[in-house]
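In what follows, a single structure is set out as structure tokens and then discussed.
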Protein chains: 2
Amino acid sequence: MTERVNEAGTVGKALNVLDQVAAFGRPVRFADLLESSEYPKATLYRLLQSLVQQGMISYDAERGVYALGVRLVRLAHQAWQTASIAPVARPYLDALSIEIGETVHLAQLDHGQVLYVDKRNAAVPVEMYSQAGKVGPVYCTGVGKAMLAWSRIDVQTRIIEQQSYHRFTANTLTSRRALRAELDIICSRGFAYDNEEHEPGIICVALPILTQGGHVLGGLSVTSTTARHSLESLAQLVPHMKSTVSRIAEDAESWRFPEQIKQPA
Amino acid sequence: MTERVNEAGTVGKALNVLDQVAAFGRPVRFADLLESSEYPKATLYRLLQSLVQQGMISYDAERGVYALGVRLVRLAHQAWQTASIAPVARPYLDALSIEIGETVHLAQLDHGQVLYVDKRNAAVPVEMYSQAGKVGPVYCTGVGKAMLAWSRIDVQTRIIEQQSYHRFTANTLTSRRALRAELDIICSRGFAYDNEEHEPGIICVALPILTQGGHVLGGLSVTSTTARHSLESLAQLVPHMKSTVSRIAEDAESWRFPEQIKQPA
DNA sequence: AAACTAAGTTTCACTATTTGGAACTTACCT
DNA sequence: AGGTAAGTTCCAAATAGTGAAACTTAGTTT
């Protein structure tokens with residue numbers, strides 16, 4: 001027993017259901033959820049009711065379908081502001097983006113995945129949530145590898161285990177072994193490449209954003225195409241990125257630890 | 001007492017705690033939460049643990065502070081895509097924004113508040129989450145009043161009750177009575193104004209986005225300043241906005257109700 | 001139109017989980 | 001050292017959650 005039981009109380013179960021609804025990526029009917037759920041009918045039903053009542057899930061009575069609720073969008077706005085480095089990094093991303101004119105990504109680690117928290121795209125205008133909030137794999141993205149390379153050993157080990165090592169392109173690293181070797185190289189080099197490992201024709205350079213204590217706050221990457229750049233020419237941007245990264249780290253640290261949190265009654 | 005107790009089970013309580021953490025808008029210590037919480041110490045403590053374990057809240061052990069977790073950002077991305085009209089409306093917002101060159105907002109109703117789900121700003125570049133995800137009051141914004149005016153009577157009544165009627169400017173509607181009268185005018189006029197009711201010098205025109213069945217999907221507004229426009233000149237944009245709105249509604253409806261949701265096993 | 005079927009909802013006895021006062025453990029302040 | 005406040009754990013009592021099964025509703029077949 002306890003096949004994949006993750007010590008989940010009622011709250012955990014409810015949030016699992018929330019994830020399940022999210023995983024579908026479209027409005028779902030009760031039966032769809034029931035089929036892919038580990039919970040019995042009545043339990044699932046009541047969990048859904050709770051979530052709907054709380055506004056985390058919306059229910060379209062006419063169609064009988066569940067979808068994620070907009071309350072999440074609101075919460076996320078707060079999360080983005082308080083929990084991510086994005087608000088702090090924003091002005092630096094703007095500056096970097098304008099100066100180098102290529103696509104810039106800001107990412108953080110979340111549950112063994114790369115979570116993009118902000119983006120600048122030179123050509124295309126606003127893209128909003130459709131970019132920030134996206135997740136990607138760690139083992140075949142520049143930011144992913146950069147963040148992983150400087151992560152605490154226990155975190156690193158866990159994440160290396162978690163990866164799927166699906167082959168996206170000819171250059172994708174498809175084993176823990178290959179990834180570990182790559183991480184060593186990245187560490188000594190000081191930054192990471194993505195050499196068409198995720199999408200053909202897409203390359204990038206990425207740096208980790210580190211606190212003074214060496215803790216990984218996030219990652220910064222500049223992406224381009226093989227048509228416009230070689231890895232070598234992208235690497236010339238690294239000094240510039242390094243200074244951006246250190247300024248973000250500095251600001252993030254002073255922002256995370258403001259004078260006094262406590263306020264008198 | 002039981003000020004805002006909503007028949008909450010364990011799940012509801014946990015989500016209340018989540019909201020509470022969100023409300024602070026900064027990392028908070030246990031004691032801060034305890035003070036503003038209706039739950040006893042041990043209960044609050046365990047709820048927080050559940051949420052942290054689930055990644056909805058992050059806990060900084062060094063500082064002993066809780067903050068919203070990045071898992072929310074990921075969930076919100078899904079929510080934005082599946083539950084909001086933003087992805088559908090995007091191309092039309094782009095077009096409208098380019099043609100009229102003023103700030104455009106796309107909003108939906110959430111818990112008696114205006115939730116902005118997308119935005120176009122002619123001058124300033126990308127602003128990401130810092131704009132989408134924001135909430136505003138219904139009673140003194142163009143989109144808020146527009147959506148409210150066409151809402152089902154029970155929804156409308158509830159929301160009218162919920163408003164704070166705080167006076168932001170000389171023009172703010174500060175009573176249910178005044179708001180009701182305004183809604184009547186809006187209905188017969190066919191669209192809503194914000195005549196410096198929220199911020200001095202800021203005016204806007206807003207339209208509801210309605211399904212064929214007359215259900216409110218959201219709202220669309222064009223904002224400007226008194227320096228650049230009068231209400232009358234803004235009103236000239238209404239026909240253009242009307243066509244945008246109807247195209248969004250059309251797309252949204254066909255998108256919400258795709259051929260068949262069910263898929264064979 | 002009646003019978004059938006599938007999808008969704010409610011019931012209810014059972015029990016596991018949650019509850020919260022109080023005791024305990026740190027960690028900091030004097 | 002002693003004191004105080006913050007955070008954590010305990011445990012008996014009680015609540016809230018569980019899920020098989022019965023029920024309702026809507027849609028389909030005979």
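Everything numeric in this text was worked out from a predicted model, so none of it was measured.
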Step-by-step side chain to side chain contact (heavy atoms under 4.5 Å, CB included) determination, A:Val114 to A:Val135: CA-CA 5 Å; A:Val114 172; A:Val135 290; over 6 Å; no
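- For the helix from C:dA1-D:dT30 to C:dT30-D:dA1, the end axes, each set by the C1' atoms of five terminal pairs, are bent relative to each other by 30° (nearest 10°).
- For the pair B:Tyr45 and D:dG7, the criterion of a side-chain N or O lying under 4.0 Å from OP1 or OP2 is not met.
- Two residues are said to be in side-chain contact when any heavy atoms from C-beta on lie closer than 4.5 Å; B:Val138 and B:Met147 fail this criterion.
- Nucleic acid contact class of B:Ala31 (heavy atoms, under 4.0 Å, all strands): sugar-phosphate only.
- For B:Tyr39 and C:dG20, the OH to C1' distance is 14 Å, given to the nearest whole Å.
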Check against side chain to side chain contact (heavy atoms under 4.5 Å, CB included), A:Leu93 and A:Leu220: CA-CA 9 Å; A:Leu93 280 202; A:Leu220 176 77; 3.4 Å; yes
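- Candidate nucleotides D:dG7, D:dG19, C:dT9 were compared by shortest atom distance to the side chain of A:Pro40, and D:dG19 ranks first.
- For the pair B:Leu44 CG and C:dT18 P, the interatomic distance rounds to 15 Å; values are reported in whole Å.
- Per the geometry, CD belonging to A:Gln49 stands 7 Å off P belonging to C:dT9, to the nearest Å.
- We find that CZ of A:Arg29 is positioned 12 Å from P of C:dT9, with the value rounded to whole Å.
- Contact between the side-chain N/O atoms of B:Arg46 and the OP1/OP2 oxygens of C:dT19 is found at a separation under 4.0 Å.
- The side chain of A:Lys13 places no N or O atom within less than 4.0 Å of a non-bridging phosphate oxygen (OP1 or OP2) of D:dG17.
- Taking the side chain as every heavy atom from C-beta outward, B:Ile160 and B:Leu183 approach each other to under 4.5 Å.
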Test salt bridge (charged side-chain N to carboxylate O under 4.0 Å, His left out) applied to A:Asp110 and B:Arg71, step by step: CA-CA 7 Å; A:Asp110 175 38; B:Arg71 177 177 175 183; over 6 Å; no
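- Contact annotation: B:Thr10 does not reach the phosphate of D:dA16 (side-chain N/O to OP1 or OP2, under 4.0 Å).
- We find that CG of B:Asp32 is positioned 9 Å from P of D:dA6, with the value rounded to whole Å.
- The separation between B:Leu48 atom CG and D:dT9 atom C1' is 16 Å, rounded to whole Å.
- The aromatic rings of A:Phe168 and A:His166 lie perpendicular to each other, with more than 60° between the two planes, well past the 30° mark.
- Following rounding to the nearest Å, B:Glu38 (CD) and C:dG20 (C1') show an atom-to-atom distance of 14 Å.
- On a pure distance criterion of 3.5 Å, a polar donor-acceptor pair joins the side chain of A:Lys41 and the base of C:dG8.
- Atom-to-atom, CZ of A:Phe30 to C1' of D:dT25 comes out at 15 Å; the value is rounded to the nearest Å.
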Verdict with reasoning, B:Tyr139 to B:Tyr165, per ring pair (Phe, Tyr, Trp, His ring centres under 6.0 Å): CA-CA 7 Å; B:Tyr139 67 99; B:Tyr165 300 102; 5.1 Å; yes
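- Comparing B:Ala42 and B:Ser50 along DNA chain C, the residue whose closest nucleotide (by nearest heavy atom) sits nearer the 5' end is B:Ser50.
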